[in-house]
Amino acid sequence: MGPSSVVVKDLYARYAVSESWVLKGVNLAVGRGSMLVLMGPSGCGKSTLLYAIAGLLPWVVPGEVKGEIVVEGVDVARSGYRGLAGVVGIVYQNPEMQVVTRSVYEELAMAPENLGLPKEEVMRRVEWVVEALDLERYLNRDPQSLSGGEKQLIAIASVLTMRPRVLLLDEPTSMLDHKGARLVLETVEQLKREHGLTIIAAEHRVEWAVEVADRVAVMSDGAIVMEGSPEEVFSRVEDVERYGVRPPGAAEVAYELRRRGFEVRVPVRLREAFEVFGL
Ligand SMILES: Nc1ncnc2c1ncn2[C@@H]1O[C@H](COP(=O)(O)OP(=O)(O)OP(=O)(O)O)[C@@H](O)[C@H]1O
Ligand SMILES: [Mg+2]
């Protein structure tokens with residue numbers, strides 16, 4: 001792995017109302033230009049970890065954070081989100097939290113305008129994202145009138161126009177349809193390849209996760225209990241079952257074959273399944 005973009009050391013975090021720590025000693029290093037997908041059951045702390053990395057907890061959301069968080073050289077535990085302006089973009093799990101303007105066009109232009117970029121550059125970025133995510137038909141719409149999935153797509157688009165160096169995505173495909181999820185995937189991969197974008201995404205959709213992830217981290221009760229490439233993580237059959245992660249379909253077939261006594265390698269993506277199963 002190249003130089004780290006995001007480093008988290010022995011991180012503890014809690015909300016003001018929490019009775020105990022929500023994050024309990026999280027350690028993490030994410031290489032620049034790579035993508036980490038966080039998985040794990042509801043309530044294990046995925047969103048909380050993203051809020052802490054973005055410097056929102058405890059700076060915007062009241063609470064307490066202990067440990068070390070360094071993002072692109074910024075000591076987040078000390079500076080909070082203010083030290084990360086233009087560096088980190090976050091897309092929340094609930095897109096309602098993010099939509100603030102009266103038209104989709106304004107929504108997309110807002111972030112680069114706030115960064116003080118010249119008008120032509122703002123327009124260039126908006127045009128780029130409209131093309132990449134196929135948003136032309138929404139430009140004059142009131143964001144409030146959009147469906148949940150459409151709002152989510154616009155929320156992702158408006159963060160991408162900021163061209164952050166680190167992108168935090170909280171369940172980015174939860175409301176998207178198949179096409180929307182695919183366009184987001186392709187665009188994020190392009191940014192990763194061409195601009196060295198670093199991405200951390202909490203994601204339940206495992207087939208999507210293994211397509212995009214360089215590394216997968218499985219969380220359980222506020223800690224990271226498994227970490228590795230998708231192949232490494234999903235070949236640890238017993239741990240995957242113990243922590244209740246749903247494996248990709250291709251892996252599940254291999255698990256069943258193993259239970260029946262066949263010594264097969266565990267594929268995580270469909271195209272490798274054909275190889276492994278000799279089809
Ligand atoms: N704003 C908040 N105030 C108080 N407690 C919170 C807050 N947000 C989350 N929690 C609690 O912190 C714990 C971790 O929640 P978190 O939202 O990080 O889980 P998650 O892994 O993102 O779950 P999901 O998959 O459902 O999104 C849970 O027990 C939750 O109830
Ligand atoms: Mg969450």
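As the structure is a computational prediction, the values presented were derived from the model and not from experiment. Note that ligands are numbered from 1 as they come in the structure, with each ligand's atoms numbered from 1 the same way.
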Just by distance, do the side chain of Asp142 and the backbone of Ser103 share a donor-acceptor pair under 3.5 Å?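 Between the backbone of Ser103 and the side chain of Asp142 there is no qualifying donor-acceptor contact (under 3.5 Å).
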Between Ser229 and Arg215, is there a donor-acceptor pair closer than 3.5 Å when you use the side chain of the first and the backbone of the second?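 Side chain of Ser229 to backbone of Arg215, a donor-acceptor pair under 3.5 Å: no, none is there.
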Report the C-alpha separation of Gln152 and Ser174 in whole Å, then their side-chain angles, then the decisive distance to 0.1 Å, and conclude whether the side chain to side chain donor-acceptor pair (under 3.5 Å) test is met. CA-CA 9 Å; Gln152 194 170 37; Ser174 62; 3.2 Å; yes
Contact list for residues 179-188, test side chain to side chain donor-acceptor pair (under 3.5 Å), sequence neighbours left out: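 Sorted pair list: Asp134-Lys179, Arg182-Glu186.
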Lys46 with Glu203: basic N within carboxylate O range, under 4.0 Å: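 No, Lys46 and Glu203 are not salt-bridged.
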Between Glu256 and Arg260, does any NZ, NE, NH1 or NH2 come within less than 4.0 Å of an OD or OE carboxylate oxygen?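 Answer for the salt bridge query: yes.
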Solution key, residues 76-89 side-chain donor-acceptor pairs under 3.5 Å, sequence neighbours excluded:
unit_1 : atom_1 : unit_2 : atom_2 : d
Ser79  : OG     : Asp75  : O      : 3.3

Mind jotting down which protein residues get a heavy-atom contact under 4.0 Å with ligand 1? Chain and number order, please.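 Ligand 1 pocket, heavy atoms under 4.0 Å: Tyr15, Val17, Val22, Pro41, Ser42, Gly43, Cys44, Gly45, Lys46, Ser47, Thr48, Gln93, Glu171, His204.
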For the Mg ion (ligand 2), which protein N/O/S atoms are closer than 2.8 Å?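 Atoms qualifying: Ser47 OG, Gln93 OE1.
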Among Val130, Leu146, Leu108, which residue meets the side-chain contact (heavy atoms from CB on, under 4.5 Å) test with Tyr138?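 Single pass found, and it is Leu146.
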Would you say that more than 12 heavy atoms from the other residues, nucleotides or ligands in this model lie under 6.0 Å from the CD of Gln144, or not?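 It does: Gln144 CD has more than 12 such atoms within range.
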